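Presented below is the structure to which this report refers.
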Protein chains: 2
Amino acid sequence: MSKISKPQSCLQCPYKWKHLNLLSDDDIRSIRQNCTIIRFKKGETVCKQGTDATHVLYLAKGMVKLYIEGEKNLILRLIKAGEYIDLQTLFGDNSYRYSVAAMDDTEVCMINSEHIRKLAEKNSAYLFELTKVISDSGNYFYKKISDISSKHLRGRLADALLYLADEIYENKEFDLGMTRRELAEMSSMSMENAVRILSELKADKIISVKGKRIKILQYDILKKLSDIG
Amino acid sequence: MSKISKPQSCLQCPYKWKHLNLLSDDDIRSIRQNCTIIRFKKGETVCKQGTDATHVLYLAKGMVKLYIEGEKNLILRLIKAGEYIDLQTLFGDNSYRYSVAAMDDTEVCMINSEHIRKLAEKNSAYLFELTKVISDSGNYFYKKISDISSKHLRGRLADALLYLADEIYENKEFDLGMTRRELAEMSSMSMENAVRILSELKADKIISVKGKRIKILQYDILKKLSDIG
DNA sequence: AAAAATAATTGTTATAAATCAATGTTTTTA
DNA sequence: TAAAAACATTGATTTATAACAATTATTTTT
């Protein structure tokens, strides 16, 4: 964590967050007053499971992982620049149920929660949109929880690869921006098994693997592996 | 599903839902106009995974299970009288990510979603409270997802028993209002293993089991089993 | 550039959990 | 009330997955 700064103006910010259009120029200026940009280096912890959330976190640059700490970690999702890291703590119980760490060099806007709550309270269109984001983020976990509990190794790793290709990198070829251990933590399996299945998929020519470079060669088959679990 | 009726008045309803105090008498009357009470018999499906939600569901009487359908079902939580069955679909994507079925004879108030959205839009205090409920319901799943993916059979069954005792029946002794198969679906394991572990816990005098009647004899040890996973 | 640390890979072994099987019990239905 | 169906129980077997171990490759530090 380093280099603390105030944004010049949220209006001109290239990483302008969603729903800013619902706020008045005055409100946006007030956000600037209550916002601090913090830079995190790869690997640094952005927020820690169990602590109290005092700020809304918005990811302006880079990528972070949202994960649950335990004897073995479980990565629930990755967050790209231009997304809220967390809104769940804004209205409900305000302690973090997960930790967040930087996957590369990132910039995070931290806006005082109380301030956002005040803006939301007097602007129901804005609150409405925030609530939508919270709802959808909850909905995402229904599928995740059922996938994790019902699918086998191959299906779960297929899920992780499809998630990376479809949701994160939006490309069938991508640099896996993480270690094999983290890929395993995304798919809830041991690191050795993640490596093994990666090798199997490679041997079956479903994907190509060169170090961190992964290319999905047979998307449909990978999809099928995900489906049959 | 049977016996469709309109509530006499939501104001006098003994199962009055939360946050009604934030609405004007007129609003509450308008809810009555948009509300239908439907009775479900044990086992009946209240809502089906994949279909579109057009109504907010409020459980006035009885108990329902919220579960994800698949080759093997996964029961995510039970809902008691006096709780919303679902709010997630109110603001976000409006298709059900899960199914809901009655565990006993139940009464469900079904209120037109569009109507609630309108009320919420012009009453931000009300919207605020609904958002809190949605947030907390999402938060619940963080723990659930990590428990399911990291704990072993014994830890998961201990979780289910503690959930029933602490959250649902609020008593260390209770009638398991479900089959062994459903208990297994709550703990994400095979029915046979749920039975086996129940027998083990009984042999170890941690619980007593007589048919559906379960009593937690050594709460602290059960808690420890849940903790160590 | 060498040394140390971390990450990746593959094979082997041990363990957890599902499935299969057989049987007894309770509940529902005719 | 008898028969059928669903539920519960316990043991044996198979399968999936984690843990262990040994080796090589890559990255980081000195």
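Every heavy atom of this structure was used, including side-chain atoms; hydrogens, water molecules and symmetry mates were not. What you see is a predicted model, and the numbers here were worked out from it, not measured in a lab.
Regarding R156(A), its CZ atom lies at a distance of 9 Å from the C1' atom of dT17(D), rounded to whole Å. Nucleotide dT23(C) holds its C1' atom 14 Å from the CD atom of E192(B), rounded to whole Å. Here dT9(D) presents its P atom at 13 Å from CZ of R181(B), a figure rounded to the nearest Å. For the pair M178(B) CE and dC7(D) P, the computed distance is 14 Å after rounding to whole Å. Computed from coordinates, the L157(A) CG to dT17(D) C1' distance equals 14 Å when rounded to whole Å.
Between T179(A) and dT6(C) there is no side-chain polar atom (N or O) within less than 4.0 angstrom of OP1 or OP2. A close approach under 4.0 Å does occur between a side-chain nitrogen or oxygen of N193(B) and OP1 or OP2 of dA18(C). OP1 or OP2 of dT9(C) has at least one side-chain nitrogen or oxygen of R180(A) nearer than 4.0 Å. When the side-chain nitrogen and oxygen atoms of K212(B) are compared with OP1 and OP2 of dC7(D), none of them lie within a distance under 4.0 Å.
Cation-pi geometry between K215(B) and F174(B) is not met: the NZ or CZ atom fails to fall both under 6.0 Å from the ring centre and inside 45° of the normal.
Two residues, S188(A) and K42(A), neighbour DNA chain D, and the one matched to the more 5' nucleotide by heavy-atom proximity is S188(A).
Relative ring orientation between Y140(A) and Y163(A) is described as tilted, the plane-to-plane angle lying within the 30° to 60° band.
If you check the side chains of Y98(A) and D86(A), you find a donor sitting under 3.5 Å from an acceptor.
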